[in-house]
Amino acid sequence: AFVVVIVWQQFNATDIRVHREADELSNLFRAAQAFPTPVQDAMLDAVRSYARAVIEEEWADMGRGAENSLAWQAYNNLWQIIRTLQQHAVHRGIAVPLLQAMDRHLAAGGQVLLYLNRRGYAPTLLCTGCSWIAPCGSCDARMTVHQRSGRLACHHCGAEEPLPERCPRCGYPVQSLGHGTERVEETLAERFPGVAVERFDRDVLRSAESLEAAFDRVKSGSARILVGTQMLTKGHHFPDVTLVGVLNADQGLFSTDFRAGERLAQTLVQVAGRAGRAERPGEVLIQSQYPEHPLLQVLVTKGYAAFAAS
């Protein structure tokens with residue numbers, strides 16, 4: 001109900017024109033991405049439904065010959081926004097175009113590699129009441145959620161503690177925010193039932209023997225989807241991998257470390273090199289909220305040498 005109220009207020013204010021409606025709708029779609037998945041889905045459905053109603057009602061009022069009017073052009077642009085946002089929506093950390101590409105490559109008999117340099121289930125544990133965020137008691141970092149083991153772990157100093165169900169400060173339920181390889185593995189198991197997923201990170205591969213066994217499953221073809229951290233980026237030959245997806249390329253774009261951009265570029269080039277290493281051609285999709293960023297633009301359009309020269 002609150003979603004409908006929000007949308008009604010945005011679109012029913014006096015004297016709001018179609019250009020303003022387009023901006024507001026775009027903002028609502030972006031805001032919806034910050035909600036938990038069930039609320040996010042309901043909010044997006046409500047926005048889409050109401051936008052269709054607004055557009056259809058306005059179209060009926062325009063009458064014949066509306067195609068030449070500025071209002072019709074604005075509403076046509078509004079529809080384009082809706083379609084673009086629907087096509088590029090994110091499903092639990094994985095963009096819809098990437099999921100569609102995975103369907104295509106798996107159906108063709110290829111393997112898929114997804115790279116995310118963030119192990120664990122989620123990087124943040126947040127209170128839904130007072131906005132408390134789980135801190136590390138031994139250093140200045142935040143604790144990472146490890147859902148399967150029921151633990152909070154600090155990836156800087158190694159401290160661990162039990163995963164609470166409620167906020168220790170106010171008693172409200174807590175919520176995991178963000179995505180790590182453990183959560184992506186869970187999403188892939190739900191999205192691709194019956195397709196074997198192999199996870200590569202230090203949480204599941206703790207010995208040379210377990211790592212070698214995982215590689216054997218990939219080489220035999222029993223593992224169809226690979227998801228992991230930097231453990232997967234270089235030095236491996238996977239001849240059947242035809243699609244590589246980088247789930248979060250934005251981590252290195254705005255870091256305070258002046259070396260972050262260089263490291264990101266090197267990592268992207270290395271992980272992209274895992275696709276198409278045999279007879280089948282490879283495809284690489286980089287998921288980013290800032291595709292216009294100069295680093296990504298130079299790297300994708302001109303290559304690593306041009307990036308390094310700049």
Side-chain angles (χ1 to χ4, degrees), residues 30 33 84 87-88 90 93-102 104-105 110-120 123-124 140-142 144 155-156 178-181 184 198-203 205 211 214-215 218-219 225-310:
R30 292 192 184 97
Q33 302 298 326
T84 300
Q87 293 170 358
H88 294 79
V90 176
I94 306 177
V96 169
L98 178 53
L99 290 172
Q100 294 170 340
M102 292 177 67
R104 178 164 38 87
H105 282 262
Q111 291 176 315
V112 175
L113 187 156
L114 298 182
Y115 168 73
L116 176 62
N117 194 31
R118 180 178 284 163
R119 61 188 178 94
T124 304
D140 294 331
R142 293 175 180 174
T144 297
H155 290 177
H156 291 268
H179 300 82
T181 50
V184 171
E198 194 71 42
R199 189 169 121 218
F200 287 80
D201 61 40
R202 287 189 295 161
D203 295 329
L205 303 177
L211 180 61
F215 283 140
V218 174
K219 293 175 182 177
I225 302 176
L226 295 65
V227 56
T229 58
Q230 286 187 342
M231 194 178 290
L232 281 176
T233 60
K234 57 183 177 180
H236 306 299
H237 177 61
F238 302 127
D240 291 330
V241 170
T242 55
L243 174 65
V244 166
V246 180
L247 295 188
N248 187 357
D250 300 336
Q251 289 177 303
L253 294 180
F254 304 103
S255 174
T256 56
D257 188 344
F258 71 94
R259 300 165 293 183
E262 173 68 22
R263 289 172 175 170
L264 174 62
Q266 291 178 352
T267 299
L268 291 178
V269 171
Q270 289 167 353
V271 72
R274 302 311 103 200
R277 297 178 66 86
E279 293 79 11
R280 300 179 181 182
E283 182 179 3
V284 180
L285 295 181
I286 300 174
Q287 188 172 306
S288 173
Q289 294 289 333
Y290 306 94
E292 72 284 353
H293 193 281
L295 185 154
L296 294 177
Q297 285 294 315
V298 172
L299 195 62
V300 170
T301 60
K302 299 181 180 180
Y304 182 80
F307 165 79
S310 65

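- The CG atom of Asn248 sits 12.0 Å away from atom CD1 of Ile286, with the distance rounded to the nearest 0.5 Å.
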| said: Go through it in stages, so that I can follow the logic: the residues are Tyr304 and Leu299, the test is side-chain contact (heavy atoms from CB on, under 4.5 Å), and I'd like the CA-CA distance, side-chain angles, deciding distance and then a yes or no. | reply: CA-CA 6 Å; Tyr304 182 80; Leu299 195 62; 4.2 Å; yes
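- The line from CZ of Arg199 to CG of Leu232 is 12.0 Å long, rounded to the nearest 0.5 Å.
- Within 6.0 Å of the OH atom in Tyr290, the count of heavy atoms belonging to other residues, nucleotides or ligands does not exceed 12.
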| What do the steps show when you test Phe307 against Leu268 for side-chain contact (heavy atoms from CB on, under 4.5 Å), and what is the final call? | CA-CA 12 Å; Phe307 165 79; Leu268 291 178; over 6 Å; no
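- Between Arg118 and Pro123, some side-chain heavy-atom pair lies under the 4.5 Å cut-off.
- Closest heavy-atom contact between Thr124 and Arg142: OG1-NH1, 4.5 Å.
- Remark: of the listed residues His105, Arg277, Arg104, His105 is the sole one forming a side-chain hydrogen bond (donor to acceptor under 3.5 Å, both in side chains) with Thr242.
- When all heavy atoms of Gly120 and Asp203 are compared, the closest pair comes out as N-OD2, 3.5 Å.
- Here the CD atom belonging to Glu198 is positioned 7.0 Å from the CG atom belonging to Leu205, to the nearest 0.5 angstrom.
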| query | Can you check side-chain contact (heavy atoms from CB on, under 4.5 Å) on Leu114 and Met102, steps first, answer last? | reply | CA-CA 10 Å; Leu114 298 182; Met102 292 177 67; 4.0 Å; yes
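- Counting heavy-atom neighbours within 6.0 Å of Asp257 CG, excluding the residue itself, gives a total above 12.
- Counting non-hydrogen atoms of neighbouring residues, nucleotides and ligands closer than 6.0 angstrom, the CD atom of Glu279 reaches no more than 12 such neighbours.
- Gly245 and Leu98 make their closest contact through CA-CD1, 4.1 Å (heavy atoms, listed as atom of the first residue, atom of the second, distance).
- Rounding to the nearest 0.5 Å gives a distance of 10.0 Å between CG of Leu296 and OG1 of Thr301.
- With hydrogens and angles ignored, the 3.5 Å screen pairs a side-chain donor or acceptor of Gln111 with a backbone N or O of Val218.
- In terms of heavy atoms, Asp201 sits closest to Met231 at C-CE, 3.8 Å.
- For Gln230, the side-chain contact (heavy atoms from CB on, under 4.5 Å) criterion is met by Tyr115, Asn117, Thr233, Thr267, not counting sequence neighbours.
- Taking both residues in full, the closest heavy atoms of Gly180 and Leu116 are given as C-CD2, 3.7 Å, listed atom of the first, atom of the second, then distance.
- Between His293 and Phe254, the two ring planes are perpendicular [angle over 60°; tilted spans 30° to 60°].
- The two residues Arg119 and Arg202 have their closest heavy-atom pair at NH2-NH2, 3.0 Å.
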